[in-house]
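These notes concern the structure reproduced below.
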Amino acid sequence: MFQVQPVRSRELQAQIADILQCRFHPDTYAFFAGELDEDNTTITSLIGMCQFTYAPEKAVIQSIAYPAASAKDEAVFIMVRTVLNFVYRAGIPVIAAADNCADETFLKSLGFRRHDNEWRIDLKKFYRSPCHYKPDEENA
């Protein structure tokens, strides 16, 4: 079993970034996913971390990091979807992905689409129908 939760301190965020060998973005928020032991309270291994910034008009994912063994793990997908939900519930209408934050195929699988030279999701349209989301005007 795994758990996704916010990273509650910059020190912990820096440690997780070091373990995952990714750049630590000190001015970001972060969520991480981890495997739990049998008591469902102790994290036994890291699955991944997503660092992001947000402002009233737009959020930006700065990095999505995970060990190679977790590349196909659905927990990484769920971790990023948790970030999307957090941003949406905060009333922020758009989330974008910074250049090189993740593989293009993975971004597409999450619902990101290329628009004005950036990968982005219109969260209002996305949460209206996540399985049928298209970024163009037909979902308006």
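A donor atom on one side chain and an acceptor atom on the other are not found under 3.5 Å apart for Gln5 and Thr82. Side-chain contact of Ser63 with Gln51: a donor-acceptor pair under 3.5 Å is present, judged by distance alone.
Counting only distance, with no hydrogens or angles, the side chain of Tyr127 and the backbone of Asn85 share a donor-acceptor pair below 3.5 Å. In this structure a side-chain-to-backbone donor-acceptor pair under 3.5 Å is missing from Asp73 to Val76. Remark: the backbone N or O of Thr28 is paired with a side-chain donor or acceptor of Arg10 at under 3.5 angstrom. Judged by distance alone, the side chain of Arg120 and the main-chain N or O of Arg113 form no donor-acceptor pair under 3.5 Å.
The hydrophobic cluster containing Leu110 also contains Leu123, counting ILVMFWY residues as joined when their side-chain heavy atoms lie under 4.5 angstrom apart, directly or transitively. Two different hydrophobic clusters hold Ile92 and Val94 under the rule that ILVMFWY side chains link at heavy-atom gaps under 4.5 Å. Tracing side-chain contacts under 4.5 Å through hydrophobic residues (I, L, V, M, F, W, Y), one never reaches Tyr88 starting from Val60; they form parts of separate clusters. Put simply, Phe126 and Val87 are part of the same group of oily side chains (I, L, V, M, F, W, Y) that touch within less than 4.5 Å, one to the next. Note on Leu107 and Phe86: same hydrophobic cluster, where clusters join Ile, Leu, Val, Met, Phe, Trp and Tyr whose side-chain heavy atoms are under 4.5 Å apart, directly or indirectly.
In this structure, the side chains of Phe32 and Ile43 come closer than 4.5 Å at one or more pairs of heavy atoms. Residues Cys50 and Ile61 meet the side-chain proximity criterion, which asks for heavy atoms closer than 4.5 Å. Leu36 is not listed as a side-chain neighbour of Phe2, based on a closest heavy-atom distance of 4.5 Å or more. Between Phe106 and Val80, the closest side-chain pair of non-hydrogen atoms falls below 4.5 Å. Phe77 is listed as a side-chain neighbour of Ser109, based on a closest heavy-atom distance under 4.5 Å. At least one side-chain heavy atom of Pro67 sits less than 4.5 Å from a side-chain heavy atom of Leu20.
Taking all atoms of both residues into account, the shortest heavy-atom contact from Ile47 to Gly34 is CD1-C, 3.8 Å. Contact detail for Ala102 and Ile64: the closest heavy-atom pair is CB-CD1, 3.8 Å. Contact between Asp37 and Thr44 at its shortest, heavy atoms only, is CB-CG2, 3.4 Å. Met49 approaches Gln13 most closely through the heavy-atom pair CE-O, 3.8 Å.
Of the inter-residue distances, the one linking Cys22 atom SG with Gln62 atom CD reads 11.5 Å to the nearest 0.5 angstrom. Atoms SG and CH2, on Cys101 and Trp119 in that order, are 10.5 Å from each other to the nearest 0.5 Å. Here the CE-CZ distance, from Met79 to Arg81, works out to 13.0 Å after rounding to the nearest 0.5 Å.
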*Could you walk me through whether Val7 and Ile16 pass the side chain to side chain contact (heavy atoms under 4.5 Å, CB included) check?*
CA-CA 9 Å; Val7 178; Ile16 294 171; 4.1 Å; yes

Check: Going through the checks in order, is the salt bridge (Lys or Arg N to Asp or Glu O under 4.0 Å) test met by Lys58 and Glu118?
Finding: CA-CA 12 Å; Lys58 181 167 91 172; Glu118 74 176 351; 3.1 Å; yes

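Ring planes of Phe52 and Phe31: parallel class, angle under 30° (limits at 30 and 60°).
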